[in-house]
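Order of the sequence lines fixes the chain letters, A, B, ..., with proteins taken first and strands second; residue numbering starts at 1 for each chain.
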Protein chains: 2
Amino acid sequence: MGNALPPRRLTLDQVAERAGVSRSVASRVLNNAPHVSRAKRDAVERAVRDLGFVANSKARALATSQSGVAALVISRQDPSILADPFYAQVIVGISAALEEGDLHLMLCLAESERGRARVEKLLRSGAVDGVMMMALHADDPLIKVADKASTPVVFGGRPGGTPPQWYVDIDNVAGARAATEHLLSRGRRNVVTITGPLDTEVGQARHRGYREALLLAGLKARASETGDFTEASGAAAMSRLLEHQPDLDGVFAANDNMAAGALKVLRGAGRSVPEDVSVVGFDDLAVAQNAQPALTTVHQPIRDLGTEMARMLVALIGGKNPSPILLPSHLVVRSST
Amino acid sequence: MGNALPPRRLTLDQVAERAGVSRSVASRVLNNAPHVSRAKRDAVERAVRDLGFVANSKARALATSQSGVAALVISRQDPSILADPFYAQVIVGISAALEEGDLHLMLCLAESERGRARVEKLLRSGAVDGVMMMALHADDPLIKVADKASTPVVFGGRPGGTPPQWYVDIDNVAGARAATEHLLSRGRRNVVTITGPLDTEVGQARHRGYREALLLAGLKARASETGDFTEASGAAAMSRLLEHQPDLDGVFAANDNMAAGALKVLRGAGRSVPEDVSVVGFDDLAVAQNAQPALTTVHQPIRDLGTEMARMLVALIGGKNPSPILLPSHLVVRSST
DNA sequence: GTGGAGAATGGGAGGGCTTCCAAGATTCTT
DNA sequence: AAGAATCTTGGAAGCCCTCCCATTCTCCAC
């Protein structure tokens, strides 16, 4: 920080000199490449240890044109998206898997137009070797940004529209079907649903699973109302459903937050859960366990989602061509059904 | 990715050639430095636009010896620390403030020994211009790692022991004092506390605030039990307190999770809250609102914590010498008191 | 018209590493 | 024991910018 005599960072030349070898040899030892005699290898390693040398990553990056960094880009169209524990778990999974590939994680939250421009520059400047992207909407401008980058991109969850080439997603259809079938197996016959936004793939998929289950059981789809994955929207949807479909006896909500909202409205309307109405959510977040009554829901392997995204990206960076992955979810039965 | 003819990334020379100027001039335009005529500036800018040129960040980093990246290092001694919304908010704050300084965010979760070694290498390789660090324990090995790095380090929350030179922290003492005084103002006279781990600064500070409040009110400190900030430990501590101090009428828990555990135990013991016993927590996480009854607690400006950390780091990187910051917290009164 | 201040310009030397290649050292064949 | 085959080795060319500095140009004062 502006000392009198900046002590001039240690360089590979100094290591080489101290070990009595050329810079080339020293470099080979560092990258443990072949064609180095045992004696010189030892000498270099000792010099590295004695001097406490760590190679300058910028120079290495320039020479190899590899930065050793992967970016996770999170589109924040809504304000508090990161606040839910979902991303935290994804990140933990990613972090662990990137460690395997010896990559570091750069986290980009792009909300403003300016932020998006920064992300674009980041990707196109070659500062990262690959990108993981979480975006809900097919028209998210970040998707185009990622396309323009000439670096591999893995999606976490498919945005709507034509699916990207590489993605990891939860099998939302199967999960929603299992949830609905569970309601039917409890003897419910008038099962309604609170869907997520239908312009998102996840919203659509969970709705599809619901309809499939009814279809397979030979039942007609009942009323559905759309929410936006918030508790408040779930409550509002539930009110509307009660109004139009007073004899409902089962509710599949497309996520736990909305299910929690629905529970409150049901309680307020004097319907007891699970006696009068059974309710199932989706996600298995903390809110599901804390709900009154505790919520039956579909558990997603969120951490695995992160892990698999990172693994896929590592494979891509390594020149391989992995296939998309759909992760299974499973039902967790609690007191609401 | 291994094409036949890798199209050889665009370079500044090509921009310069197209604009009919030397590379030096082109570079000056890119960094909008002075000493460029209007005409050439325009020519270069047009060439940049036409070609879609983005400077190679690795080369720039090497030349300027600035990476444009700041790291957030989170020590994960316990497994699910990131899962609480705390870090999510810190990160959002950091991200916003880093954008001001045109820095990108690298996220390092170091739990294993290997992960720690990787972080050390990252810092010492000069890959980041500065570090923000969140660590609870004074003996966290990461603190030494940060010391060895010759890059500026800002702490979020002081670890125990001698405080670091640069940090941003919540004023835990004042918050705890306010919480305790609130209990006293409700007429409680036998106020006990559930502390956090006393080998952490935050644990100690909140305990100190509790004692100060009692002292100022001319009361003696009552029983205290120590937890580890988990709900389970709060419940256990509450049981012990009920046993040794059956006439207690107020509880200050050093965080919301432990307060939630305490509430459950109190309910189980037939003490009603807030009639028989008043309870105050600390943090104002979601759990405080969801608790039964809703928890009076101390709200912390968590997002601001992140913002200020990042700002401080930006200042340090810019060669300034900022002062440590203590952020105020405030009481949120709900139904538990 | 001349000197000189100050701006504009481009050449070129880094920045610290990787990697190609030619040359020297070693081992293996027969 | 000579020649082929294989390892080791170090010199030097890159990677793509930034920035110092010597040079040229512009313009104004006297």
Side-chain angles (χ1 to χ4, degrees), chain A residues 6-45 47-48 51-69 102 121-122 124-127 129 150, chain B residues 6-45 47-48 51-69 102 121-122 124-127 129 150:
Chain A
R8 209 122 181 75
R9 259 192 64 104
L10 217 49
T11 109
L12 187 53
D13 282 304
Q14 297 170 47
V15 173
E17 187 179 354
R18 174 164 189 145
V21 302
S22 75
R23 185 169 11 127
S24 318
V25 170
S27 171
R28 271 182 226 120
V29 173
L30 249 60
N31 302 298
N32 54 73
H35 305 308
V36 180
S37 67
R38 188 55 196 253
K40 305 227 160 182
R41 170 150 298 178
D42 288 348
V44 171
E45 276 167 356
V48 166
L51 264 42
F53 173 77
V54 177
N56 181 323
S57 63
K58 295 155 193 148
R60 186 198 293 253
L62 179 58
T64 60
S65 64
Q66 292 225 319
S67 62
V69 177
D102 203 27
K121 214 158 202 173
L122 181 76
R124 308 217 326 160
S125 74
D129 296 340
S150 56
Chain B
R8 217 134 171 66
R9 258 191 64 106
L10 217 49
T11 126
L12 186 54
D13 282 302
Q14 297 170 47
V15 173
E17 188 179 353
R18 176 163 229 238
V21 302
S22 76
R23 192 179 352 133
S24 314
V25 171
S27 172
R28 270 182 226 122
V29 174
L30 249 59
N31 302 298
N32 53 75
H35 304 308
V36 180
S37 67
R38 187 55 199 250
K40 305 227 161 181
R41 170 150 291 166
D42 289 347
V44 171
E45 276 168 356
V48 165
L51 265 42
F53 173 76
V54 177
N56 181 322
S57 63
K58 294 153 194 152
R60 186 197 293 251
L62 179 58
T64 60
S65 63
Q66 292 224 321
S67 62
V69 177
D102 203 27
K121 213 159 202 173
L122 180 77
R124 308 217 327 160
S125 74
D129 296 340
S150 56

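Between A:Phe53 atom CZ and C:dC17 atom P the separation is 4 Å, expressed in whole Å. Remark: P of D:dG11 and CG of A:Asp13 are 11 Å apart, rounded to the nearest angstrom. Put simply, CG on B:Asn32 is 13 Å from P on D:dC19, counting in whole angstrom units. Regarding A:Leu12, its CG atom lies at a distance of 16 Å from the C1' atom of D:dC15, rounded to whole Å. A straight line from NZ of A:Lys58 to P of C:dC17 spans 11 Å, rounded to a whole angstrom. If you measure from atom NZ of A:Lys121 to atom P of D:dC17, you get 13 Å, rounded to the nearest angstrom. Distance A:Arg38 CZ to C:dT26 P: 18 Å, rounded to the nearest Å. Distance, A:Asn31 CG to C:dT19 P: 7 Å, rounded to whole Å.
Checking the phosphate oxygens (OP1, OP2) of D:dT8, a side-chain nitrogen or oxygen of A:His35 falls inside 4.0 Å. Contact annotation: B:Asn56 side-chain N/O to D:dC15 OP1/OP2 distance is not under 4.0 Å.
Terminal axes of the helix from C:dG1-D:dC30 to C:dT30-D:dA1 (five pairs each, C1' rotation axis) are separated by 40°, to the nearest 10°.
Of the possible donor and acceptor atoms, none in the side chain of A:Ser27 sits under 3.5 Å from a partner among the backbone N and O of A:Arg23. For the pair A:Lys58 (side chain) and B:Gly126 (backbone), a donor-acceptor distance under 3.5 Å is present.
For B:Ala63, counting side-chain heavy atoms from C-beta on, the closest listed nucleotide (C:dC17, C:dT9, C:dG15) is C:dG15. Among C:dA13, C:dT18, C:dG16, the nucleotide with an atom closest to any side-chain atom of A:Ala59 is C:dG16.
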Inset, instruction - Show your reasoning for whether side-chain contact (heavy atoms from CB on, under 4.5 Å) applies to B:Asp129 and B:Val69. - result: CA-CA 6 Å; B:Asp129 296 340; B:Val69 177; 5.9 Å; no
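For A:Arg28 and C:dT18, a side-chain-to-base donor-acceptor distance below 3.5 Å is absent, hydrogens and geometry of angles not being considered. A donor-acceptor contact under 3.5 Å is not formed by the side chain of A:Thr11 with the base of C:dG15.
When each of B:Ser22 and A:Leu62 is assigned the nucleotide of DNA chain C bearing its nearest heavy atom, the one mapping closer to the 5' terminus is B:Ser22. Heavy-atom nearest nucleotides on DNA chain C were determined for B:Arg23 and for B:Gly20, and the one closer to the 5' end corresponds to B:Gly20.
Within 4.0 Å (heavy atoms only), B:Lys40 reaches sugar-phosphate atoms of the nucleic acid but no base atom. Using a 4.0 Å heavy-atom distance criterion, A:Ser27 is classed as a base contact. Residue A:Thr64 is classed as a sugar-phosphate contact, given heavy-atom separations below 4.0 Å to backbone atoms only. Residue A:Ser24 is in base contact, counting any heavy-atom pair closer than 4.0 Å across all strands shown.
Minimum interatomic distance between A:Ala127 and A:Ser67 (heavy atoms only, all atoms of both residues): O-OG, 2.9 Å. Of all non-hydrogen atoms in B:Val15 and B:Phe53, the two that sit nearest each other are CG2-CG, 3.5 Å. For B:Val29 against B:Val36, the heavy-atom pair with the smallest separation is CG2-CG1, 3.9 Å.
Between the side chains of B:Arg124 and A:Asn56, no donor N or O sits under 3.5 Å from an acceptor N or O.
Taking NE2 of B:His35 as the reference point, atom NZ of B:Lys40 lies at 15.5 Å (rounded to 0.5 Å).
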